[in-house]
K.L.:
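Structure incoming, see below.
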Amino acid sequence: MAGRHLGRQFFSRYTPEVARDLLGCVLVRVTPEGKRLTGRIVEVEAYRGADDPASHSFRGITKRNALMFGDPGFAYVFFSYGFHWCLNFTTEERGTPGAVLIRALEPLKGIREMERLRGSTRIRNLTSGPGKLTKALGIDRRMNGEDVVTSKRLYVLRGGAVDSIVSSRRIGISRGLKQQWRFFFEGNRFVSRENA
DNA sequence: ATACTGATGGCCT
DNA sequence: GGCCATCAGTATA
């Protein structure tokens with residue numbers, strides 16, 4: 001393992017396990033202007049394949065979801081509700097679909113730049129949702145397919161201390177309600193919402 | 001505090 | 001043509 005960088009093998013596991021282990025890790029985004037923006041991951045959701053009706057990959061491979069079927073450790077960025085981008089990291093071995101949606105961050109560094117990109121100075125509102133955090137980090141379709149294991153502009157550092165973890169149903173879906181595949185830090189003020 | 005709604009694009013049936 | 005892995009604003013309490 002090279003330093004604190006998350007490696008390929010970290011992502012090459014059962015998706016809910018990867019999701020839980022991503023909590024507390026630090027997401028790093030280096031913008032085209034060279035600004036380094038970082039945030040601690042405090043809320044995630046796991047999505048799998050044929051066993052998960054809420055997943056984009058439930059019905060098999062398509063042009064959009066192909067990354068979920070490929071190698072682990074890549075960014076899967078999709079466009080949501082006509083407005084927002086959502087950031088995921090692919091998981092599981094090649095051929096087994098999976099991805100972890102990054103739902104909320106606790107801003108650490110580059111907060112001034114995040115405020116600018118986000119058009120808001122309310123820190124609690126900066127990255128407390130999947131669409132908010134992509135805007136704050138300047139992430140859009142250009143990051144789709146980025147190899148997070150080798151990238152210099154989008155990667156993840158192993159976390160330190162871990163708080164108390166809670167799980168719940170996933171947010172904003174109507175199927176796959178039985179899986180408790182949303183994980184977040186209990187009581188963290190940057191989580192998008194406490195209950196589901 | 002919670003509830004509803006409009007905006008808006010792409011994917012899938 | 002219907003359905004979203006969302007957010008901000010407005011309305012009601």
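All of these numbers come straight from a predicted model, not from anything done at the bench. Order of the sequence lines fixes the chain letters, A, B, ..., with proteins taken first and strands second; residue numbering starts at 1 for each chain.
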K.L.:
Would you mind classifying the nucleic acid contact of A:I173 as base, sugar-phosphate or nothing, using non-hydrogen atoms under 4.0 angstrom?
P.N.:
sugar-phosphate
K.L.:
Among A:R193, A:R182, A:E194, which one satisfies side-chain hydrogen bond (donor to acceptor under 3.5 Å, both in side chains) with A:S168?
P.N.:
A:R182
K.L.:
Do A:D52 and A:K178 sit within salt-bridge range, that is, some charged N less than 4.0 Å from a carboxylate O?
P.N.:
no
K.L.:
Please name the residue in the list A:K132, A:R170, A:R103, A:R189 that meets the salt bridge (Lys or Arg N to Asp or Glu O under 4.0 Å) test with A:E43.
P.N.:
A:R103
K.L.:
Salt bridge check, A:D21 against A:R13: does any charged N sit closer than 4.0 Å to a carboxylate O?
P.N.:
yes
K.L.:
Using purine N1 to pyrimidine N3 plus N6-O4 or O6-N4 for Watson-Crick, or N1-O2 and O6-N3 for G-U wobble, both under 3.5 Å, which nucleotide pairs with B:dC11?
P.N.:
C:dG2
K.L.:
Between C1' on B:dT8 and NE2 on A:H84, what's the gap in Å once rounded to a whole number?
P.N.:
10 Å
K.L.:
Heavy atoms only, 4.0 Å cut-off, all strands: where does A:G131 land among base, sugar-phosphate and nothing?
P.N.:
sugar-phosphate
K.L.:
So how far is it from A:L133 CG to A:I41 CD1, rounded to the nearest 0.5 Å?
P.N.:
9.0 Å
K.L.:
Counting heavy atoms not belonging to A:R8, are there more than 12 under 6.0 Å from its CZ?
P.N.:
yes
K.L.:
For a ring-ring contact (aromatic ring centres under 6.0 Å, His included) with A:H56, tell me which candidate from A:F78, A:F79, A:Y47, A:F69 qualifies.
P.N.:
A:F78
K.L.:
Does A:S192 or A:S174 map to a spot on DNA chain C nearer the 5' end, using the closest nucleotide for each?
P.N.:
A:S174
K.L.:
Remember a base hit wins even if backbone is also touched, and classify A:Y47 as base, sugar-phosphate or nothing at under 4.0 Å, heavy atoms.
P.N.:
base
K.L.:
Return the nucleotide paired to B:dT2: Watson-Crick means purine N1 to pyrimidine N3 with N6-O4 or O6-N4, wobble means G-U with N1-O2 and O6-N3, both under 3.5 Å.
P.N.:
C:dA11
K.L.:
Within the 3.5 Å criterion, strictly below it, is a donor on A:T15 or A:R48 matched to an acceptor on the partner's side chain?
P.N.:
no
K.L.:
Side chains of A:T121 and A:E115: donor-acceptor distance under 3.5 Å anywhere?
P.N.:
no
K.L.:
Shorter than 3.5 Å, N or O on both sides, protein versus nucleotides 11-13 of chain B: list them out with atom names.
P.N.:
| residue | atom | partner | partner atom | Å |
| --- | --- | --- | --- | --- |
| B:dC12 | OP1 | A:T62 | OG1 | 2.9 |
| B:dT13 | OP1 | A:R59 | NE | 3.3 |

K.L.:
Could you tell me from which nucleotide to which nucleotide of DNA chain C, 5' to 3', there is an atom under 4.0 Å from chain A heavy atoms?
P.N.:
C:dC4 to C:dA8
K.L.:
If each of A:A99 and A:N125 is mapped to the nucleotide of DNA chain C with the nearest heavy atom, which maps nearer the 5' terminus, i.e. the 5' end?
P.N.:
A:A99
